[in-house]
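What follows is a short report on a single structure.
Because the structure is a prediction, the values reported are computed rather than measured. These numbers come from the heavy atoms of this one structure, side chains and all, not from hydrogens, waters or symmetry mates.
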Amino acid sequence: MKEGTKRLQTERCSTEGNYRVLQWDSREDCEVRQILDRIADKWSLLVIALLEQRTYRFTELQRNIEGVSQRMLTTTLRQLERDGIVRRTVHPVVPPRVDYALTPLGSTLHQTVQALVAWTEENQRDIIEARAKYDASESETKTWG
């Protein structure tokens, strides 16, 4: 590499080849970690799920995502737009109208989100039982400890 040139992020952290599960978790400048942090957060997942259904305006998204603040929704949408997952369209009308939709890349991500939701639904009883057992054993430990 030429002196003074910057390596591409993908060169610093790749999951191809000799893959080790935590290789992307050990470096701050790893794009894989940064992208996973962004797309796996609560608000991003909800935005992606909603936008798969149709195009939404900002206020519609905010109304449909219980508990999200205006600032957090704005930040989430900007980050998803920057990553090419969401497309923001400004319509030249008065007052201005802004629509948000998934890009083709965002639609492929939604397929993965759907798989995660399906897994959660299929296994929720087992998870609830495991939580109850854990909580009971923790309660016993505190009583005796």
Side-chain angles (χ1 to χ4, degrees), residues 1-139 142:
M1 178 165 41
K2 274 184 156 177
E3 188 176 333
T5 60
K6 188 175 180 180
R7 293 181 133 201
L8 292 174
Q9 292 288 348
T10 54
E11 291 179 23
R12 287 193 226 164
C13 180
S14 173
T15 57
E16 295 188 21
N18 196 6
Y19 178 69
R20 289 180 307 118
V21 74
L22 293 179
Q23 72 186 25
W24 46 265
D25 199 37
S26 61
R27 302 179 215 164
E28 276 185 34
D29 60 350
C30 177
E31 281 293 313
V32 174
R33 165 122 186 219
Q34 292 171 14
I35 293 167
L36 284 172
D37 286 347
R38 176 155 316 122
I39 63 175
D41 76 62
K42 172 182 176 178
W43 304 122
S44 293
L45 289 173
L46 291 171
V47 166
I48 292 163
L50 275 173
L51 291 178
E52 178 61 24
Q53 299 170 5
R54 65 178 177 88
T55 298
Y56 278 84
R57 294 177 74 177
F58 183 90
T59 53
E60 291 178 305
L61 284 169
Q62 191 173 21
R63 217 178 9 253
N64 281 282
I65 302 174
E66 189 176 320
V68 70
S69 69
Q70 181 174 342
R71 181 177 180 198
M72 182 52 68
L73 182 56
T74 299
T75 300
T76 300
L77 287 166
R78 282 184 184 156
Q79 290 173 341
L80 292 172
E81 182 182 10
R82 181 173 181 253
D83 290 340
I85 295 166
V86 167
R87 181 182 64 251
R88 179 178 183 262
T89 304
V90 180
H91 300 278
V93 294
V94 178
R97 191 178 105 214
V98 180
D99 293 328
Y100 295 90
L102 284 184
T103 63
L105 178 64
S107 290
T108 64
L109 176 58
H110 184 260
Q111 294 167 6
T112 302
V113 171
Q114 281 182 311
L116 181 60
V117 170
W119 179 89
T120 304
E121 288 173 346
E122 290 170 14
N123 293 287
Q124 65 184 329
R125 282 197 178 102
D126 292 337
I127 293 168
I128 291 167
E129 288 175 17
R131 287 177 179 173
K133 287 179 186 176
Y134 179 87
D135 292 347
S137 70
E138 281 294 299
S139 178
K142 288 180 183 176

(request) Determine whether Q111 and L109 make a side-chain contact, defined as any pair of heavy atoms from C-beta on separated by less than 4.5 Å. (result) no
Validation: residues 64-72 side-chain donor-acceptor distances under 3.5 Å, sequence neighbours left out:
from: N64; atom 1: ND2; to: E60; atom 2: O; distance (Å): 2.7
from: S69; atom 1: OG; to: M72; atom 2: N; distance (Å): 3.0

(message) Does any part of the side chain of S107, heavy atoms only, come nearer than 4.5 Å to the side chain of E52, both counted from C-beta?
(response) yes
(message) Which residue in the set T103, I85, T75 passes side chain to side chain contact (heavy atoms under 4.5 Å, CB included) when paired with L80?
(response) I85
(request) Measure the spacing between CG of L105 and CZ of R87 and express it to the nearest 0.5 Å. (result) 12.5 Å
(message) To the nearest 0.5 Å, what is the distance between CD on Q62 and OH on Y56?
(response) 14.0 Å
(message) Suppose we screen for salt bridge (Lys or Arg N to Asp or Glu O under 4.0 Å). Which residues come up paired with R78, at least two apart in sequence or across chains?
(response) none
Distance-only check: which donor-acceptor pairs under 3.5 Å involve side-chain atoms of residues 117-132, not counting sequence neighbours?
from: T120; atom 1: OG1; to: L116; atom 2: O; distance (Å): 2.9
from: N123; atom 1: ND2; to: W119; atom 2: O; distance (Å): 2.8

(message) Does F58 form a side-chain contact (heavy atoms from CB on, under 4.5 Å) with T74? I'd like the steps, not just the answer.
(response) CA-CA 8 Å; F58 183 90; T74 299; 3.5 Å; yes
(request) Could I get the full list of side chain to side chain contact (heavy atoms under 4.5 Å, CB included) partners for V90, not counting sequence neighbours? (result) R88, V98
(request) List for me each residue that meets side chain to side chain contact (heavy atoms under 4.5 Å, CB included) alongside A49, sequence neighbours excluded, and say none if there are none. (result) H110
(request) For the residue pair Y100 and L77, establish whether any side-chain heavy-atom pair is separated by less than 4.5 Å. (result) yes
Which atom pairs, donor and acceptor, lie under 3.5 Å between side-chain atoms of residues 39-47 and protein residues at least two apart or in another chain?
from: D41; atom 1: OD1; to: W43; atom 2: N; distance (Å): 2.9
from: D41; atom 1: OD1; to: S44; atom 2: N; distance (Å): 2.8
from: D41; atom 1: OD1; to: S44; atom 2: OG; distance (Å): 3.4
from: D41; atom 1: OD2; to: S44; atom 2: OG; distance (Å): 3.0
from: S44; atom 1: OG; to: R38; atom 2: O; distance (Å): 2.9

(message) Could you check whether K133 pairs with D135 (Lys NZ or Arg NE/NH1/NH2 to Asp/Glu carboxylate O, under 4.0 Å)?
(response) no
